[in-house]
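Working notes, beginning with the structure itself.
Heads up: numbering here begins at 1 and tracks the sequence. All values below were derived from every heavy atom in this structure, side-chain atoms included, with hydrogens, water molecules and symmetry-related copies excluded. Not measured: the values here are computed from a predicted model.
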Amino acid sequence: MNVIVIESEAYKKLLQKIEWIYSYTKKREEENATLQANPSEVWLNDQDAAAILRISKRTMQRLRSNGEITYSIRGNKAWYTLAEVKRLLSGRVVKNDKQEGGKP
């Protein structure tokens with residue numbers, strides 16, 4: 001086992017720096033927890049968007065080709081805003097208007 005010896009003042013300064021880093025990161029975590037991301041600024045790749053919509057990547061391509069979803073191409077990959085994925089998700093909801101007993 002190696003033993004490292006430092007002066008008392010250096011140790012106190014090191015502790016102060018560690019405490020400052022801890023308080024800084026804690027403050028940032030609290031700020032991030034209170035701020036919710038704007039859905040129009042959050043970008044999702046093909047795989048993540050398909051997972052949210054519960055469809056295949058091929059279906060994502062079909063939606064792009066048919067102009068049903070807006071997207072951006074960056075680095076030869078398709079990217080979608082979270083707001084656009086949510087719009088498409090809400091547009092695909094099927095409501096059951098039937099009452100109990102099978103009569104509309």
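- For the atom pair E19 CD and L14 CG, the distance stands at 10.0 Å (nearest 0.5 Å).
- Contact between I6 and A10 at its shortest, heavy atoms only, is CD1-C, 4.3 Å.
- Between L53 and T59 there is no side-chain heavy-atom pair separated by less than 4.5 Å.
- Atom CZ of residue R62 and atom CD of residue E68 lie 9.5 Å apart, to the nearest 0.5 angstrom.
- Criterion: ILVMFWY side-chain heavy atoms under 4.5 Å apart, direct or through other members. Under it, I52 and W79 are not part of a common hydrophobic cluster.
- The distance from atom NZ of K26 to atom CD1 of I21, rounded to the nearest 0.5 Å, is 15.5 Å.
- Between L88 atom CG and I69 atom CD1 the span is 5.0 Å, to the nearest 0.5 Å.
- Sequence neighbours left out, the pairs with a member in residues 7-28 that pass ring-ring contact (aromatic ring centres under 6.0 Å, His included) are W20-Y24.
- Between Y80 and T70, the closest heavy-atom pair is CD2-O, 3.6 Å.
- The CZ atom of R87 lies 9.0 Å from the OG1 atom of T81; values are rounded to the nearest 0.5 Å.
- With hydrophobic clusters built from ILVMFWY side chains whose heavy atoms lie under 4.5 angstrom apart, L82 shares a cluster with I55.
- The closest side-chain heavy-atom distance from E84 to Y71 is not below 4.5 Å.
- If you take NZ on K13 and OG on S8, they are separated by 11.0 Å, rounding to the nearest 0.5 Å.
- For A78 against I73, the heavy-atom pair with the smallest separation is CA-CD1, 3.9 Å.
- D46 is linked by a salt bridge (Lys or Arg N to Asp or Glu O under 4.0 Å) to R64, counting only residues two or more places apart in sequence or in another chain.
- Within 6.0 Å of the CZ atom in R58, the count of heavy atoms belonging to other residues, nucleotides or ligands exceeds 12.
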